[in-house]
Amino acid sequence: MADDAPFYADDAGRKLARKFEMQAYDLRAYLKKFKNETGEEAISDGFGFLTESDDVRSAYIEYSTSAADAMKAVHEHLDAIADALRKVNRNTEVNDDDVAALFGKKSDGGK
């Protein structure tokens, strides 16, 4: 490793955070579609309101709600990971600059 090479790969944290952010965004879009297609209204329209279908309709609504809640939790978790990675990246860049300054390297690349 060359003496002037950064210890922390340039942009690695930002790229990884962006990947998590995009996955969270995609999941949020899928969640919206899932809720539209499997929400209580959609399920009720499919089964109707016959007394015989009430138990089945209720079970599907409960399953759909549980699945949507789980997807929402994963979305929030992915978003939190992206936020944490951005913070780590920001802190690492600041620390790298501070350490470089301690050893006499200027922030403009030593010029």
Side-chain angles (χ1 to χ4, degrees):
M1 187 161 119
D3 290 337
D4 61 345
F7 180 72
Y8 185 74
D10 288 336
D11 238 8
R14 258 188 245 108
K15 287 178 183 177
L16 186 57
R18 185 72 178 145
K19 286 179 182 181
F20 274 94
E21 183 179 35
M22 292 306 298
Q23 291 297 319
Y25 178 83
D26 289 347
L27 186 57
R28 185 175 59 216
Y30 295 138
L31 177 58
K32 183 177 179 181
K33 182 179 177 188
F34 180 79
K35 284 182 174 181
N36 288 338
E37 293 176 359
T38 65
E40 185 171 352
E41 185 177 325
I43 291 172
S44 295
D45 288 349
F47 282 103
F49 288 102
L50 298 173
T51 306
E52 301 83 28
S53 65
D54 194 44
D55 289 341
V56 175
R57 184 180 63 81
S58 294
Y60 270 88
I61 290 170
E62 183 179 332
Y63 176 75
S64 171
T65 302
S66 295
D69 290 346
M71 288 173 68
K72 183 179 180 203
V74 171
H75 164 262
E76 291 171 351
H77 191 65
L78 289 173
D79 225 13
I81 290 171
D83 288 342
L85 286 170
R86 278 190 289 276
K87 183 177 180 181
V88 165
N89 186 65
R90 199 170 37 250
N91 291 342
T92 301
E93 287 175 348
V94 168
N95 288 340
D96 279 355
D97 290 345
D98 290 347
V99 169
L102 285 173
F103 290 97
K105 187 170 182 178
K106 297 178 184 175
S107 62
D108 63 359
K111 297 177 184 175

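Every value quoted in this text rests on a predicted model; they were computed, and no experiment measured them.
- Criterion: ILVMFWY side-chain heavy atoms under 4.5 Å apart, direct or through other members. Under it, Val74 and Phe20 are part of a common hydrophobic cluster.
- The two residues Ala82 and Ala17 come nearest to each other via the heavy atoms CB-O, 3.5 Å.
- To the nearest 0.5 angstrom, Leu31 atom CG is 12.5 Å from Lys33 atom NZ.
- For the atom pair CZ of Arg18 and CZ of Arg86, the computed distance is 8.5 Å after rounding to the nearest 0.5 Å.
- Using a 4.0 Å cut-off between charged side-chain N and carboxylate O, Asp69 and Lys72 make no salt bridge.
- With values rounded to the nearest 0.5 angstrom, Glu37 atom CD is found 10.5 Å from Ser64 atom OG.
- Atom-to-atom distance recorded for Glu41:CD and Ile61:CD1 is 10.5 Å, nearest 0.5 angstrom.
- Heavy-atom neighbours of Glu62 CD from other residues, nucleotides or ligands within 6.0 Å: at or below the threshold of 12.
- Of all heavy-atom pairs between Met71 and Tyr30, the closest is CE-C, 4.0 Å.
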Full working for side chain to side chain contact (heavy atoms under 4.5 Å, CB included) between Lys32 and Asn36
CA-CA 6 Å; Lys32 183 177 179 181; Asn36 288 338; 4.1 Å; yes

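- Hydrophobic clustering (ILVMFWY, side-chain heavy atoms < 4.5 Å, transitive): Phe34 and Tyr25 are in distinct clusters.
- Note that CZ of Arg14 and CG of Leu16 are 12.5 Å apart. Values are rounded to the nearest 0.5 Å.
- Following chains of ILVMFWY side-chain contacts shorter than 4.5 Å, one cannot reach Met22 starting from Val88, and the two form parts of different hydrophobic clusters.
- The environment of Glu21 atom CD is dense: over 12 non-hydrogen atoms of other residues, nucleotides or ligands sit within 6.0 angstrom.
- Rounding to the nearest 0.5 angstrom, the gap separating the OG1 atom in Thr65 from the NZ atom in Lys35 is 9.0 Å.
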